[in-house]
Protein chains: 2
Amino acid sequence: MRKAPTLKDIALATGVHVSTVSRALSPSLRTVLSDDVVKHICEVAEQMGYRPNRLAAGLRTRRTMTVGLMIPDITNAIFPPILRGVESVLEPLGYASIIVNTDSILAREHLLVDVLRERGVDGIIHAAVLRNDPKIVKVAAEGTPMVTVNRKIENSGIPAVVNDDVQGIRMILKYLYDFGHRNIAHIAGPEDLSTGRGRKNAFVDSARELGLEIPGHAILQSLRFDEAEGRRCTAALLDGGWPLTAILCANDRLALGAFEVLRARGIDCPAQISVTGFNDMPFLDLIPPRLTTVRIQQFEVGQVSADILVKLMADPAAEVASETTLPVKLMVRDSVAPPPYR
Amino acid sequence: MRKAPTLKDIALATGVHVSTVSRALSPSLRTVLSDDVVKHICEVAEQMGYRPNRLAAGLRTRRTMTVGLMIPDITNAIFPPILRGVESVLEPLGYASIIVNTDSILAREHLLVDVLRERGVDGIIHAAVLRNDPKIVKVAAEGTPMVTVNRKIENSGIPAVVNDDVQGIRMILKYLYDFGHRNIAHIAGPEDLSTGRGRKNAFVDSARELGLEIPGHAILQSLRFDEAEGRRCTAALLDGGWPLTAILCANDRLALGAFEVLRARGIDCPAQISVTGFNDMPFLDLIPPRLTTVRIQQFEVGQVSADILVKLMADPAAEVASETTLPVKLMVRDSVAPPPYR
DNA sequence: TGTTCTGCTGCAATCGTTTGCGTTAAGTAG
DNA sequence: CTACTTAACGCAAACGATTGCAGCAGAACA
């Protein structure tokens, strides 16, 4: 194991002081040196295969050029595109990312945020926040640049990049309405996530605007954004006896769970019951009956949040939008049809 | 921004030397101190919210407790489960992971391996290696603990954790054969990946064992493991005129591409042409005609590779299996049927 | 009582970079 | 020819933690 060359090694090889080598290798400081010294040092450094030690530099400068990305679960297909969006802006700038999965567990989240801080991340992109979380707010307030994505912590002062949930729910509810649906149930996302609650509120408000009478028991509360909860809620809904003709799900995975239950019970979707989703996760267009859903801009949401984080890392006091809302788009596919004639 | 407390701060608060604090906080060294001093220091540290600075510790000890994970592309659905498998063993041990996407581009891979080394990772799990890659071999030889997963660098001395590709291909080819298929085409994976070449060799060998005559033009060479290449190769295959009755694809995404072309041309799968995949990626069982494929143990492959890496990081000279092959399993679904009668 | 041992803690160097400040020599002006 | 500016570089102190070694006390022993 040959030891990696350090500034000192280069200094020794070139006969100058390490501080001179340091300056020669820094684009902004090399101007104070004479051109030929810079050139010589760079050549030797190159030839020795010098790579700066970010640990040492970070210790001194308090900038590690690494950021932390907190997500609920990387196996959830909507997060990888977000990460690539983040990476697309951060990597060219020289940042690396430490990615952690919180599994939406508060204790894990708190543990992991410390894992990130111990490693001196320059900032955190948080795609897994709960609707309120004092510890995270405290970390941000103590000076760690942070932006939340997809979700937000309500009036926390932490910049958030979100999708236009209200508009998305409104569009898709209107779409169902226009097909003639009046008895529309909603499988809501978890209460402790801003997306869960936000979409539910949007559902209630939009329903009122449309003059729909939605009884309380037609709104089911899921505990997680996954297929199992989709199944549970759908079954409960069907067993409830309300003559629903459509189910508006708070996300695609809940809708996939709904598909399963309907299929198992021999209920045709969309002929008998229409189903809609939210997010438009990958491969959805290959799974029948192709789910009509709302497309969120996953990659872009990552990009925008990274852009903001970069600004914040450059200047923690920078003025950035406290909330950036990206437009969504209705993806019309096959899971919605007119309600059956009765 | 309140500065994070350091050992020095605790030392000041407790009236002892920083070295004493350091020892008190280290489980292995605290035994040399008197119990009450340890207790007092721990209490004060706890109360001040002390978190060790891994940068500083890493600079001194050359261990950062972070590892690098190199994958081709996180949006490829088979990698997230692998990452979770890796995380399941590394995180409890206190390791964090820096994840990078190489996009299977050599130049990016080389760049990113330096990104990891600059940050002083204690080891690298490499799920994106090309079949041969001198630079990576050099990095490993210079002492960076490394294990490759899913793929391998042939006789490089780098421990590899792979799936039993040979057995998988043999099983699925036999499965097709037993249905009566004799004209079986193969869409092979990229030549520069060990999985691509390995599965192709396994196909050729297994075909010979079964006494199948497979003409050279029935083996199409894809350039990437994706749907677009699956489409291209399938189209070329169909246009080639060979009366094939089945297509054995080197992975699921190629098979999904094949599905598309068959559907577009009005060819029924499996009635007219059977198709098989490899990997069993998530959601595959929801996409019709449900693909018959080979399941690899994604999570486990991650676990095992992390286990090995841990051993290597503890002792770079540790004796570890140079190649660990995990068993695969045939997933029988709906995309295979007997060849049409002619 | 003097000596040795042992248990506990302090000292200081070290890891590799960065950076404010001081020093030197060359260059310019008077 | 002296004085003073400026360019170019060296010095050394940080950053926060670890760790070999030294020192000091008290205990045990002769």
Side-chain angles (χ1 to χ4, degrees), chain A residues 1-42 45 48-66 94 117-122, chain B residues 1-42 44-45 48-66 94 114 117-122:
Chain A
M1 156 132 59
R2 198 165 50 82
K3 200 171 76 41
T6 70
L7 285 189
K8 196 198 281 184
D9 298 324
I10 300 179
L12 236 48
T14 54
V16 299
H17 194 262
V18 314
S19 64
T20 305
V21 179
S22 173
R23 285 186 259 256
L25 263 23
S26 153
S28 59
L29 286 172
R30 80 171 39 136
T31 53
V32 307
L33 301 182
S34 64
D35 291 349
D36 43 353
V37 168
V38 170
K39 183 151 161 291
H40 180 217
I41 292 176
C42 287
M48 292 176 72
Y50 172 75
R51 300 266 84 199
N53 179 330
R54 303 255 181 204
L55 286 193
L59 185 57
R60 177 65 221 244
T61 62
R62 326 207 119 265
R63 302 201 73 207
T64 54
M65 296 306 284
T66 102
R117 293 212 294 173
E118 286 177 9
R119 281 156 180 89
V121 295
D122 295 338
Chain B
M1 155 131 59
R2 199 166 47 85
K3 200 172 72 47
T6 70
L7 285 189
K8 197 196 283 182
D9 298 323
I10 301 179
L12 235 49
T14 55
V16 300
H17 194 263
V18 311
S19 64
T20 305
V21 180
S22 173
R23 284 187 261 256
L25 264 24
S26 153
S28 58
L29 287 172
R30 77 169 45 133
T31 53
V32 308
L33 299 183
S34 63
D35 291 349
D36 43 353
V37 169
V38 170
K39 183 151 161 291
H40 180 217
I41 292 177
C42 286
V44 172
M48 292 177 70
Y50 172 75
R51 299 267 82 201
N53 180 328
R54 302 252 180 206
L55 287 191
L59 184 59
R60 175 66 221 243
T61 63
R62 329 209 113 264
R63 301 201 75 207
T64 54
M65 296 305 283
T66 102
D114 279 337
R117 293 212 295 171
E118 288 176 10
R119 276 146 184 101
V121 293
D122 295 337

Rounded interatomic separation in angstrom, taking CZ from R119(B) and P from dG16(C) = 18 Å
In whole Å, what is the span from the CG atom of L33(A) to the C1' atom of dA26(C)?
-> 17 Å
Heavy-atom side-chain contact between N53(A) and L59(B) under 4.5 Å = yes
Which value, rounded to the nearest 0.5 Å, describes the distance between L55(A) atom CG and L55(B) atom CG?
-> 5.5 Å
Could you give the NZ-to-C1' distance, from K8(B) to dA13(D), as a whole number of Å?
-> 11 Å
Gap between atom OG1 of T31(B) and atom CG of L33(B) - 0.5 Å precision | 8.0 Å
Rounded to 10 degrees, the angle between the two terminal axes of the helix from dT1(C)-dA30(D) to dG30(C)-dC1(D), each from five pairs = 60°
Whole-Å distance, R62(B) CZ to dT19(D) C1', equals 15 Å
Under the side chain to side chain contact (heavy atoms under 4.5 Å, CB included) rule, collect the residues that match up with T61(A), sequence neighbours excluded.
-> R63(A)
Non-neighbouring partners of R54(A) that pass salt bridge (charged side-chain N to carboxylate O under 4.0 Å, His left out), sequence neighbours left out = E118(B)
Of all of residues 12-32 of chain A, which get a heavy atom below 4.0 angstrom from DNA chain D, listed by number?
-> V16(A), H17(A), S19(A), T20(A), R23(A), V32(A)
N/O donor-acceptor pair under 3.5 Å between R30(B) side chain and K39(B) backbone | no
Can you check whether D9(A) reaches T6(A) side chain to side chain, under 4.5 Å on heavy atoms?
-> yes
Quick check: does any side chain N or O of R119(B) sit under 3.5 Å from a backbone N or O of M65(A), one acting as donor and the other as acceptor?
-> yes
Which one, dA8(D), dC15(C), dT18(C), comes nearest to the side chain of L7(A)?
-> dT18(C)
For K39(A) and dC9(D), what is the distance between atoms NZ and P respectively, to the nearest whole Å?
-> 14 Å
Name all residues meeting the side chain to side chain donor-acceptor pair (under 3.5 Å) criterion together with S28(A); count only those two or more places apart in sequence or in a different chain, and write none if there are none.
-> S26(A)
Distance in Å, I10(A) CD1 paired with L7(A) CG, rounded so as to fall on 0.5 Å steps = 6.0 Å
Can you check the D122(A) CG to dC15(D) C1' distance for me, whole Å?
-> 15 Å
Mind calculating the distance between CD (E118(A)) and C1' (dG16(D)) to the nearest angstrom?
-> 13 Å
Could you identify which residues of residues 52-61 of chain B place a heavy atom less than 4.0 Å from some atom of DNA chain C, listed by residue number, or say none?
-> L59(B), R60(B)
Looking at Y50(B), does any N or O in its side chain come under 4.0 Å of the phosphate oxygens OP1/OP2 on dA17(D)?
-> yes
Hey, what do you get for CG (L25(B)) to OG1 (T20(B)), rounding to the nearest 0.5 Å?
-> 11.5 Å
